[in-house]
Amino acid sequence: MQTPGALDISRRDLLVASAATVTVAGAGSLAHAKTNTSAAPAGTKVSFTVNGERRELELDNRTTLLDALREHLHLTGTKKGCDHGQCGACTVLVDGRRVNACLTLAVMHDGDEITTIEGLGQPDNLHPMQAAFVKHDGFQCGFCTPGQICSSVAMLDEIKANIPSHVTADLTAPSEITPAEIRERMSGNICRCGAYSNIVEAITEVAGRKA
Amino acid sequence: MRFDKPATTNPIDQLKVVGQPIHRVDGPLKTTGRAVYAYEWHDPNNRYAYGYVVGSAIAKGRIKSIDVTAARRAPGVIAVVTSDGVGELKKGKYNTAKLFGGREIQHYHQAIAVVVAETFEEARAAAALVKVDYIEEKGAFDLAAAKDTAVKPEEGGSDSAAGDFDAAFETAPVKLDQVYTTPDQSHAMMEPHASIAAWNGEELTVWTSSQMIDWWRTDLATTLGIDKAKVHVMSPFVGGGFGAKLFLRADAVLAALAAREAKRPVKVALPRPFLMNNTTHRPATIQRIRIGAERDGRITAIAHESWSGDLPGGGPEVAVQQTRLLYAGENRMTAMRLATLDLPEGNAMRAPGEAPGMMALEIAIDEMAERLGHDPVEFRIVNDTQVDPENPERPFSHRNLVACLRTGAERFGWQDRSKQPGGRREGNWLVGMGVASAFRNNLLVPSGARVRLDREGIVTVETDMTDIGTGSYTIIAQTAAEMLGVPIDKVAVRLGDSRFPVSSGSGGQFGGNCSTAGVYAACIKLREAVAQRLGFNNAEGLVFARGEVRAGERSMSLAQAASDEVLVAEDRIEFGKLAETHQQSTFGAHFVEVGVDVATGETRIRRMLAVCAAGRILNPITARSQVIGAMTMGVGAALSEELVVDKERGFFVNHDLAAYEVPVHADVPHQEVAFLDETDPISSPMKAKGIAELGLCGVAAAAANAIYNATGIRVRDYPITLDKLIKGLPELS
């Protein structure tokens, strides 16, 4: 489609909206708008690769990998759905394995290779899994989607590597790509819009293409 | 454009683009992480500050004092804004509880302060240092205990009656009188409420996550006491809503107040646990249903009463709504009673009224069919009505519930259902099938749009309509492409911006039909402007196709009409009295097959089918996705979703996604959806109706009926968890 204008509007509008403020009548406040700089905690330097690019950051030790990506590197494709490791919207690949980026601190990833949804493909050059999600309508609001896609890419590799799941009946036989295996292994990625049926079809198609 | 006569043939009927299975036009942005949601707007020239909300730790009472000394001294802190610091804020029209508490606490996790710091981590840490001294008061938190204090609601629920229910029920040869309960439920959309606020002088811009741009803009202006014209709201991508983002929420208010204090843009997202107790939820209900019928299956008396609770000033869950319209029966009554509860605000969640109402009614219908010894599909068909049963002179605009039931029964293999509950066993699994009707009213809301044509022949649609996953971008692009005879890739759609014409917004399953009807109206105006610019006598006989405008032998390119300057047209659809003269509703049938583990009582959904009759389907891909998503939500309602009330302290205990259990991949099988091929010219020029909520109404009851068919255990209290089944399961040998 023609660009819906989201990105180009945003820059212009944000420039218009400068930081100048006024006090609205009738609204007194206890607050004072001056940053308290006393006892600011020392940060830690961390360096990792994101989507093939070397990134160096100095971060508050409490910063999660998720907030490092979103708030410091402005890679906002990775979503914050719960910040508790309960929804999977923040799934990224760390050295090829899927990780809930909200449950791990950025400083723990010195030297790691991180792949986010932005690194898998671009709107004019979709990764096969991204293309399959579009084709099978494996999303609606789109907020869980980057996590679903990153998770599904790594999940297929896990099956290929013969890592068993809760529903794997025979631990000695090679793991198979079945709808039951896909559903079980994808259950850490919640989709409240309820696109599961379509997501499984998208993943199955990509798995078939690979096999 | 005023729509007050049924639609006749119009350009939409060509169905070259509308009605076609076109993939979402925003798909490449969403699947690559390039769609920008509320918290993600970023301008490198701005230094954003982070706001973190502090919520009340009590459910009811007063704040004695708030001590922000330690928070204010914490590293990185820029400002601490407290509710007693900003004074009394006016409440917006659509909210029941105040979004920024004040001295009086109305519910647990009501926002009472926001801490602003240089980083998210600093704001969160400092928020934990805010010390609050409360004077706690006793509240009412238990619907069952408060039921007898419930009163007739002042607004939003009048009693209804036709014929003489009491007499007819008394003399009916076959009767049912049962009570059903549905729990409080949470929307639990994936994107928590989030806003960025920035002031430019007296003007405020808020990037937020809203279903209804104009409602938010109006209520934010009211809350802050500023002119609405000075408020600009942006929400082009919304990470789900289901009703949770219909009305202004605390994140936008806190961000605006915090940005004013911090003198720079501030970002505020509600932490996930705040969604359950800080925002709204679907209220719990207690429902009593009585049905009387002749032995041939005809319903002669039907009554539906519902009790629910809300904060003072709130309204009832309108769970009896569908019972006034769904089945025939001369003698009928409905009533709703509202208790005062001091839980967080109850409000609309996907299909408010019908969703919990159908959860009860459609079990009752199943029970009644069994008492009569009738097949549940046939019992529903026998009691179909083509007119409003309370006003028989008022017909339905279009109603084909019967075909939904018959088509579904055939496709699902209903004839293989065991007539005896507990009659089918496969290994450890007791297997059963259930059916329920689907029903949801079709609502009509005015909707505006602006359409531009440029010299390249690109058509741009601007409307403040939102796409909350519903497919608005796509169906609006399809509508404009059809109306102007251009391919869909020549259409740009810009949504969710308060500078654009006010639309229906997204809610009540009215958004798809009404917003495209608004675009239709604007496109009719643009066609007239094109005709005039190109020197055609009148627009009516013109053919717009393949980027050309044609009348007889004469043909010109569409783009030529904008060769000198961009052509702009704006209009709005408004609906006349057709909704009064005709009852407009959507219909369907849900079929579910379950397996219940004979040893553990664990229920697994094995198969699901929905057959829907909802007027013209504008895009079968996005419409089907709405329905499978609703079916999935119905699985949650049937089996797992319940906000658990702490009746002592007055809050929802399971306030996260680990303990509030929405369905996951492993809970949902492949889902089948079928649409009846129909149009409803009385609904709009699009001849479409709503679909997004219809898909939810009845699903949970179909699952409940399937569990009964599998086990012989009738559970009338949702959700149907294994503890409610295990005692009734057969002894294991």
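Lettering follows sequence order; numbering is per chain, from 1. If you're wondering where the values come from, they're calculated on a predicted model, not measured in any experiment.
Checked against B/Lys30 for a side-chain contact (heavy atoms from CB on, under 4.5 Å), the options A/Phe133, A/Phe139, A/Phe143 give a single hit: A/Phe139. Only one option out of B/Asp26, B/Val25, B/Thr31 pairs with A/Val134 in a side-chain contact (heavy atoms from CB on, under 4.5 Å); it is B/Thr31.
To the nearest 0.5 Å, atoms SG (A/Cys141) and CZ (B/Phe237) are separated by 11.0 Å. Separation of atoms SG (A/Cys144) and CE (B/Met189) is listed at 13.5 Å; rounding is to 0.5 Å. How far CG of A/Asp60 is from CZ of B/Phe120: 11.0 Å, rounded to the nearest 0.5 Å. Atom-to-atom distance recorded for A/Thr76:OG1 and B/Tyr37:OH is 10.0 Å, nearest 0.5 angstrom. Between the OH atom in A/Tyr196 and the CD1 atom in B/Ile628 there is a gap of 11.0 Å [rounded to 0.5 Å]. The CZ atom of A/Arg192 sits 15.0 Å away from the CD atom of B/Glu191 when rounded to the nearest 0.5 Å.
For A/Ile190, the parts lying near chain B are the backbone and the side chain together; criterion is any non-hydrogen pair under 4.5 Å. Heavy atoms of B/Pro271 lying under 4.5 Å from chain A are absent altogether. Using a 4.5 Å cut-off between heavy atoms, B/Arg47 does not touch chain A at all. Contact of A/Thr145 with chain B is made through the side chain alone, with heavy-atom distances under 4.5 Å. Proximity to chain A (any heavy atom under 4.5 Å) is restricted, for B/Ala35, to the backbone atoms N, CA, C and O. If you measure heavy-atom distances from B/Val238 to chain A, the contacts under 4.5 Å come from the backbone alone. Using a 4.5 Å cut-off between heavy atoms, A/Asp83 contacts chain B through its side chain alone, with no backbone atom that close. With a 4.5 Å cut-off on non-hydrogen atoms, A/Asp137 touches chain B through its backbone and its side chain both.
Ranking A/Cys82, A/Ala195, A/Pro146, A/Gly77 against chain B, the residue ahead of the rest is A/Cys82, based on heavy-atom pairs under 4.5 Å. Considering only heavy-atom pairs separated by less than 4.5 Å from chain A, the leading option among B/Arg350, B/His187, B/Met631 is B/His187. If you tally non-hydrogen atom pairs under 4.5 Å between each of A/Glu184, A/Gln140, A/Gln148, A/His84 and chain B, the highest count goes to A/Gln140. For the options A/Gln130, A/His127, A/Lys80, heavy-atom pairs under 4.5 Å to chain B are most numerous at A/Gln130. Options A/Arg185, A/Glu201, A/Arg183, A/Met186 differ in how many heavy-atom pairs under 4.5 Å they form with chain B, and the most are formed by A/Arg183. Chosen from B/Ala658, B/Ala49, B/Gly240, the residue pairing most often with chain A at heavy-atom distances under 4.5 Å is B/Ala658. Listed options B/Asp656, B/Ile468, B/Ile621 were ranked by heavy-atom pairs under 4.5 angstrom with chain A; first place goes to B/Asp656.
Taking 4.0 Å as the cut-off between side-chain N and carboxylate O, A/Glu118 and B/Arg34 do not count as a salt-bridged pair. Between B/Glu122 and A/Arg62, no side-chain nitrogen of the basic residue sits less than 4.0 Å from a carboxylate oxygen of the acidic one, so the salt-bridge criterion is not met. Ion pairing between a basic and an acidic side chain is recognised when a charged N comes within 4.0 Å of a carboxylate O; A/Arg70 and B/Glu40 show such pairing.
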In sequence, state the C-alpha distance, the side-chain angles, and the governing distance for A/Cys191 and B/Met190, and then conclude on side-chain contact (heavy atoms from CB on, under 4.5 Å). CA-CA 7 Å; A/Cys191 170; B/Met190 296 311 296; 5.8 Å; no

For the pair A/Leu126 and B/Thr32, evaluate side-chain contact (heavy atoms from CB on, under 4.5 Å) and give the outcome as yes or no after the intermediate values. CA-CA 8 Å; A/Leu126 297 177; B/Thr32 58; 3.4 Å; yes

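Between B/Thr632 and A/Gly194, the closest heavy-atom pair is OG1-O, 3.5 Å. The minimum heavy-atom distance between B/Leu657 and A/Gln86, with the atom names listed, is N-OE1, 3.1 Å. Between A/Asn189 and B/His665, the closest heavy-atom pair is O-CD2, 3.6 Å.
The shortest distance between side-chain heavy atoms of A/Pro179 and B/His670 does not fall below 4.5 Å. Between A/Asp124 and B/Pro28 the shortest side-chain heavy-atom distance does not fall below 4.5 Å. With a 4.5 Å cut-off on side-chain heavy atoms, B/Glu121 and A/Asp67 count as touching.
Checked by atom type, the side-chain pair B/Tyr50/A/Glu71 shows a donor-acceptor distance below 3.5 Å.
With a 6.0 Å radius and a threshold of 12 heavy atoms from other residues, nucleotides or ligands, A/Gln122 has its CD atom above the threshold. Surrounding CD of A/Glu158 are more than 12 heavy atoms belonging to other residues, nucleotides or ligands, all under 6.0 Å away. Applying the 6.0 Å contact sphere to NE2 of A/His166 captures no more than 12 heavy atoms from other residues, nucleotides or ligands.
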